[in-house]
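Fair warning: this is a prediction, and the values are worked out from it, not measured in the lab. Sequence lines set the chain letters: A, B, ... in the order given, protein chains first and strands last, and positions in each chain run from 1.
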Amino acid sequence: MSGYEPKAIESKWQEVWAAERTWEVPNPGQPGFDAEKPKAYVCEMLPYPSGEPHVGHLKCYAVGDAIAHFRRRQGFQVMHPMGYDAFGLPAENNAIKTGEPPRVATERSIESFRRQFRSWGVSIDWSRELATHQPEYYRWTQWIFLQLFERGLAYRTEAPVQWCPKDATVLANEQVIDGRCERCGTEVIQKKLEQWFFKITDYADRLLEGFGALESWPEHVITMQRNWIGRSEGAEVVFRCDEVDLDFPVFTTRPDTLFGATFFVLAPEHPQLEKLVAGTPAEAAVREYVDRVGRESAEERGAEDREKTGVALGRTVVNPVNGEEIPMYVADYVLMEYGTGAIMAVPGHDSRDYDFAQAFDLPVKRVIEGTDPEAPGDAAGLPYTGDGPMVNSGRFDGQGNRDAYDAIVAWLAEEGRGKTAVNYRLRDWLLSRQRYWGAPIPIVYCEECGAVPVPEDQLPVELPEIEDYAPHGQSPLAAATDWVSTECPKCGGAARRETDTMDTFVDSSWYYIRYLDPRNAEAAWDRGAANHWMPVDQYIGGVEHAILHLMYARFLVKALADLGHLEAQEPFASLFAQGMITRDGAKMSKSRGNTVSPAEYVERYGADTARTYVCFMGPPERGGDWTDEGVEGVNRFLSRLWRLCEEVAERTAPGGDPAATEGDARTLVAKAHWSIDKATHDFERGFQFNTVISAVMELINDAYRRKDGLYGDPGGEAALRFAVATAASLIFPFAPHLGSEVYERMTGERVWEQPWPTAEEAMLVSDTVTLVVQVNGKLRARIEAPADAPQGELLAAAKANENVAKFLDGKQVVKEIVVPGKLVNLVVK
RNA sequence: GCCCGGGUGGCGAAACUGGUAAACGCGGCGCCCUUAAAAGGCGCUACCGCAUUGCGGUUCGCGGGUUCGAGUCCCGCCCCGGGCACCA
């Protein structure tokens with residue numbers, strides 16, 4: 001008998017799958033397509049190829065592949081492709097440092113990823129492999145851009161943007177974390193630049209409504225997106241400044257507090273500020289304040305517990321509800337990006353306005369009765385943010401503030417001084433990057449015609465080869481002068497190309513559609529293929545993409561559906577967010593030196609061990625700490641399965657009937673059915689892989705304990721073969737190579753061609769059950785009883801138990817509870 | 001501050017709709033195999049007490065409640081992780 005040698009087994013089966021193209025799946029209309037089978041599209045978030053795959057990739061694909069295998073054997077036609085998110089900053093920064101073209105480094109990484117993924121035995125349809133940096137791919141990224149451009153969903157405008165001085169590029173709002181660049185951690189500064197945007201804000205409500213159509217997304221991911229979109233309902237109310245003849249609309253969620261407005265604040269970036277103070281005594285102070293704020297970073301400005309600062313403008317506006325003139329201020333606690341960049345300040349019922357009023361000695365007026373004992377307030381209990389009856393509010397006095405809310409908005413609307421309004425925190429998606437390694441934006445600038453889209457038949461606009469990748473405040477592409485100068489597609493005159501490239505999130509927002517028709521040179525995808533396979537039934541990836549990637553993809557699918565290119569309204573019906581694997585309790589990083597190289601473990605223990613381990617370490621949606629002892633434990637289990645297989649293959653003959661067994665053999669067969677039942681349930685109940693695997697471990701343990709008594713008996717041997725084959729069948733989604741090998745040895749069949757096993761109901765019930773006997777809820781004894789014994793009999797048996805009797809002695813039984821098959825509880829006094 | 005997760009042995013964890021807390025794995029201890037070691041096989045392993053098998057007590061972050069019975073349901077708190085945050 002030889003030991004478990006994963007290398008030999010794994011390469012054997014990988015060769016079979018490659019030679020037979022086992023995991024390839026045809027599109028509707030292609031040969032081999034089975035219209036009878038339901039489809040299941042299983043997709044992992046495509047990896048960014050940098051260096052080598054890390055454990056996060058291993059876990060993602062171990063989980064995804066288990067699901068793919070499970071669905072296949074449940075009778076689905078499974079689409080399971082993969083590709084590479086190949087554009088992006090790391091390769092470009094490497095190019096700046098070493099001079100090596102990003103394409104070269106990227107393709108080297110892709111090669112390494114491909115090799116390792118193959119060595120993991122993941123059941124990928126490799127015929128559909130793609131990489132986003134290939135012109136055949138980004139041609140269609142550009143096409144999508146043009147589609148959006150034509151419908152006004154892509155536009156260019158000058159806007160204050162977040163600029164990372166180190167990477168010398170703008171960042172999307174979503175890429176700024178705590179005022180710092182998500183990528184390199186440098187403090188972000190504000191700049192005003194002409195930039196390209198996608199109008200994702202047009203889809204804010206659709207993105208919120210779409211949650212209802214999703215099948216299974218983690219609640220917290222939906223919440224994160226909902227918060228990010230940040231929809232709030234309220235009213236727009238116009239405050240007028242007669243002195244300069246200007247209207248100042250504000251957005252408020254509390255129109256019921258309008259009577260309490262005692263001052264008015266503009267953001268430092270407000271466009272009318274100049275007009276308000278030009279030539280007034282306040283001009284110098286205001287200008288100085290605005291300059292100072294402008295020099296501060298987003299982080300400084302947003303700091304917690306920041307003192308309220310501002311400057312009076314020496315102007316007033318009229319409160320439309322009561323005609324009061326209230327003073328105007330400029331202050332940095334008002335943000336230009338949200339609402340209208342101006343607010344009515346109600347210090348009595350808003351803590352920020354209250355702080356400002358305290359700092360500037362402004363009046364605080366109560367308009368709603370009530371106190372909030374929880375909240376810190378002054379002697380009068382202000383600021384108060386709760387509900388209550390209205391006071392000091394003219395004809396609304398006495399009404400509940402919630403009722404007054406609607407009445408005030410209706411009244412203002414009649415007067416033409418306000419209306420209901422909705423505001424979003426979500427900003428449009430800034431997609432241009434002043435970088436080289438991305439898909440060029442297919443636009444040409446002509447003196448005569450302005451921004452002209454590159455005609456479809458001239459796509460792709462290919463990236464030129466350049467020498468210097470370093471950014472100099474503009475895209476490195478600007479230096480490729482031959483490439484930049486072109487002719488206008490409209491008038492034929494001299495024109496220059498857009499030198500910005502697209503955010504790589506654009507590339508990764510639609511790849512899962514391209515997988516469905518990856519070699520199509522005529523279109524981004526075939527409608528029939530897309531409509532058949534979309535949406536992705538199960539998407540798998542890390543939570544770190546909960547907002548950015550997942551929201552962009554949702555937006556793009558909705559936009560493409562509106563443009564008539566897709567039927568699907570959502571890209572991902574179900575989402576599985578895997579937890580992060582740590583080492584020594586800390587996030588893995590090269591600088592910390594605690595990284596785990598999957599290749600090393602695959603080399604030492606085999607892919608089956610590595611894959612099974614990441615699925616066994618805990619519930620996959622939670623994180624877990626990687627330990628070598630844990631890996632060895634799983635390897636020990638797989639070896640045990642292997643050795644048992646060897647022994648059973650040698651000592652038993654195939655062909656017995658496991659159903660016709662009795663005694664110990666039958667107990668083992670029953671255990672196998674129990675494992676099938678447990679594994680299937682836990683698989684379906686949110687992919688509880690750790691307990692699926694533990695069920696197989698229990699089966700193997702049971703087989704080991706019984707095997708020596710079963711050899712030599714035909715029923716016993718049939719039971720052993722059945723148990724080992726069942727274990728192989730159930731472990732196959734996690735350890736596909738060993739599962740295939742063991743299953744073949746036991747049955748002569750290929751496990752992936754077999755349907756997922758089903759447990760026989762009859763084998764799940766036993767004739768006798770262990771009954772728990774409690775006295776006053778405390779466990780006093782366990783008794784064996786026939787499963788079908790009547791309640792009276794169970795009670796009698798319970799009372800007859802010696803230990804139970806001890807606790808009943810001298811007491812009176814006041815209540816008897818019998819849960820058949822479970823317990824007896826006797827309540828005594 | 002607001003919104004999500006989560007707190008169970010020495011460790012990772014398990015416990016279906018309230019019904020034997022700790023399955024499975026790691027680690028530890030013991031035994032078998034072996035000249036020996038490794039590998040492997042078999043057992044024990046929540047804590048405390050008395051003790052001979054055994055028996056009793058305590059235990060799911062803390063404090064209350066509902067119930068014959070609560071890790072599970074309800075109320076109030078504490079701690080850890082994540083997201084958002086001067087968003088009007």
Side-chain angles (χ1 to χ4, degrees), chain A residues 3 177-178 218-228 230-232 234 250-254 257 265 267 301-306 308 331-335 337-346 349-353 355-356 375 423-426 543-544 546-547 577 579-580 613 616-619 621-634 636-637 639-640 643 677-678 681-682 685 688 690-698 700-701 704-705 708 770-782 803 806 814-819 821-828:
Chain A
I177 311 293
D178 291 333
E219 203 48 50
H220 68 282
V221 172
I222 292 178
T223 308
M224 278 160 74
Q225 289 205 6
R226 190 167 271 139
N227 291 344
W228 189 265
R231 183 182 202 271
S232 31
V250 300
F251 174 74
T252 177
T253 54
R254 294 297 306 274
T257 64
V265 190
R301 187 166 163 184
E304 217 176 321
D305 299 330
R306 183 176 160 96
K308 291 283 182 289
D332 66 358
Y333 82 95
V334 176
L335 310 172
E337 310 89 77
Y338 188 77
T340 62
I343 62 152
M344 64 159 190
V346 184
H349 303 282
D350 180 285
S351 61
R352 296 152 304 175
D353 296 344
D355 292 345
F356 191 86
N423 242 282
Y424 302 91
R425 211 194 78 108
L426 183 69
V543 248
E544 62 273 21
I547 297 172
M580 197 176 50
Y613 173 62
F616 180 66
M617 50 197 303
E621 72 275 12
R622 264 194 258 170
D625 205 55
W626 180 285
T627 65
D628 287 3
E629 290 79 8
V631 179
E632 272 165 29
V634 168
R636 205 169 296 150
F637 156 63
S639 305
R640 249 162 97 79
R643 286 193 314 270
D677 187 58
K678 164 110 179 130
H681 270 110
D682 290 354
R685 204 165 46 87
Q688 300 286 300
N690 51 330
T691 55
V692 173
I693 294 163
S694 79
V696 185
M697 288 173 167
E698 283 197 53
I700 291 303
N701 289 346
Y704 261 86
R705 278 189 289 259
D708 291 336
T770 307
L771 209 65
V772 170
V773 184
Q774 299 179 332
V775 178
N776 283 348
K778 281 195 195 292
L779 173 71
R780 295 304 175 192
R782 282 170 241 263
N803 202 47
K806 218 164 71 187
V814 295
K815 199 165 186 177
E816 295 166 336
I817 287 130
V818 182
V819 182
K822 284 259 193 299
L823 60 69
V824 172
N825 189 11
L826 302 169
V827 185
V828 299

Problem set entry | Side chain of V819(A) - closest among G19(B), A88(B), C84(B) | G19(B)

For this session: Quick one: label P218(A) by what it contacts on the DNA or RNA (base, sugar-phosphate, nothing), any heavy atom closer than 4.0 Å.
Result: nothing

For this session: Taking the side chain as every heavy atom from C-beta outward, state whether V346(A) and R254(A) have any pair of such atoms under 4.5 Å apart.
Result: no

For this session: Find which nucleotide of RNA chain B each of S232(A) and D625(A) is nearest to by heavy atoms, and output the residue with the more 5' nucleotide.
Result: D625(A)

For this session: With syn defined as a glycosidic angle within 90° of 0 and anti as everything else, classify G9(B).
Result: syn

Problem set entry | Closest to the Y338(A) side chain, choosing from A88(B), G19(B), G83(B) | A88(B)

For this session: Determine, for nucleotides 23-28 of chain B in 5'-to-3' order, which nucleotides have protein heavy atoms under 4.0 Å from the base (write B), from only the sugar-phosphate (write S), or from neither (write -).
Result: BBSSS-

Exercise. From the list C42(B), A14(B), C68(B), which nucleotide is the closest neighbour of the side chain of Y704(A)?
Worked result: C42(B)

Problem set entry | Pairwise distance CH2(W228(A)) to CD1(I547(A)) - rounded to 0.5 angstrom | 5.5 Å

For this session: Quick one: list whatever passes ring-ring contact (aromatic ring centres under 6.0 Å, His included) with Y333(A), sequence neighbours left out.
Result: F356(A)

Collect all protein-nucleotide pairs involving nucleotides 45-56 of chain B in which both atoms are nitrogen or oxygen and the distance is under 3.5 Å.
from   : atom 1 : to      : atom 2 : distance (Å)
G56(B) : OP1    : N803(A) : ND2    : 3.1

For this session: Please identify each residue that fulfils side-chain contact (heavy atoms from CB on, under 4.5 Å) with K822(A), with sequence neighbours left out.
Result: V819(A)

Problem set entry | R226(A) vs C2(B): side-chain N/O to OP1/OP2 distance below 4.0 Å | no

Seminar exercise, completed: Whole-Å distance, E621(A) CD to A13(B) P, equals 11 Å

Problem set entry | Span that lies between the P atom of A70(B) and that of C3(B), in whole angstrom | 31 Å

Exercise. Got a donor-acceptor contact below 3.5 angstrom from the Q225(A) side chain to the A546(A) backbone?
Worked result: yes

Problem set entry | A36(B) to G49(B) separation - P atoms, rounded to the nearest Å | 38 Å

Seminar exercise, completed: Stems field, RNA chain B, Watson-Crick or wobble, 3.5 Å, at least 3 pairs, by first number, holds B:1-7 with B:78-84, B:10-12 with B:24-26, B:27-32 with B:40-45, B:46-50 with B:54-58, B:61-65 with B:73-77

Exercise. When rounded to the nearest Å, what value does the distance between C1' atoms of U72(B) and C60(B) take?
Worked result: 10 Å

Exercise. Could you give the distance from NZ (K815(A)) to CG (L826(A)), rounded to the nearest 0.5 Å?
Worked result: 12.5 Å

All N/O pairs under 3.5 Å across the protein-nucleotides 4-10 of chain B interface:
none

Exercise. Nearest to the side chain of N825(A) - G83(B), A88(B), G69(B)?
Worked result: G69(B)

Exercise. Got a sec, which residues hit side-chain hydrogen bond (donor to acceptor under 3.5 Å, both in side chains) with T770(A), two or more places apart in sequence or on another chain?
Worked result: E784(A)

For this session: Using ring-ring contact (aromatic ring centres under 6.0 Å, His included) as the criterion, list what pairs up with Y613(A), not counting sequence neighbours.
Result: W626(A)

Problem set entry | Protein-nucleotide distance (Q688(A), atom CD; C16(B), atom P), rounded to Å | 11 Å

Problem set entry | Atom C1', compared across G12(B) and G27(B): separation rounded to whole Å | 11 Å

Problem set entry | Interatomic distance at C1', C84(B) relative to G9(B), whole Å | 37 Å

Problem set entry | Distance-only side-chain donor-acceptor flag, R640(A) / N701(A), under 3.5 Å | yes

Exercise. Among the nucleotides A14(B), G19(B), U58(B), which one has an atom lying closest to any side-chain atom of K778(A)?
Worked result: U58(B)

Problem set entry | G81(B) and A23(B), which share atom name C1', separated by this distance in whole Å | 27 Å

Problem set entry | Stepwise side chain to side chain contact (heavy atoms under 4.5 Å, CB included) check, M224(A) with V543(A) | CA-CA 10 Å; M224(A) 278 160 74; V543(A) 248; 5.6 Å; no

Problem set entry | Qualifying residues under side-chain hydrogen bond (donor to acceptor under 3.5 Å, both in side chains), relative to T223(A), sequence neighbours excluded | none

Problem set entry | All side-chain contact (heavy atoms from CB on, under 4.5 Å) counterparts of V334(A), not counting sequence neighbours | V265(A), A267(A), I343(A)

Problem set entry | Set of side-chain contact (heavy atoms from CB on, under 4.5 Å) partners for L771(A), sequence neighbours left out | I783(A), L794(A), V824(A)

Problem set entry | side-chain contact (heavy atoms from CB on, under 4.5 Å) partners for A695(A), two or more places apart | W674(A), K678(A)

Problem set entry | Length of the line joining R231(A):CZ and C2(B):C1', which is rounded to integer Å | 19 Å

Problem set entry | Nearest-nucleotide comparison on RNA chain B, the residue closer to the 5′ end among N776(A) and G618(A) | G618(A)

Exercise. Which of these nucleotides, A88(B), C86(B), C84(B), is closest to any side-chain atom of D332(A)?
Worked result: C86(B)

Problem set entry | Side-chain N,O (K815(A)) to OP1/OP2 (C68(B)) below 4.0 Å | yes

For this session: Given side chain to side chain contact (heavy atoms under 4.5 Å, CB included), test V634(A) with E632(A) step by step and report yes or no.
Result: CA-CA 5 Å; V634(A) 168; E632(A) 272 165 29; over 6 Å; no

Problem set entry | Pairwise P distance for A14(B) and G61(B), with rounding to whole Å | 14 Å

For this session: Quick one: label V814(A) by what it contacts on the DNA or RNA (base, sugar-phosphate, nothing), any heavy atom closer than 4.0 Å.
Result: nothing

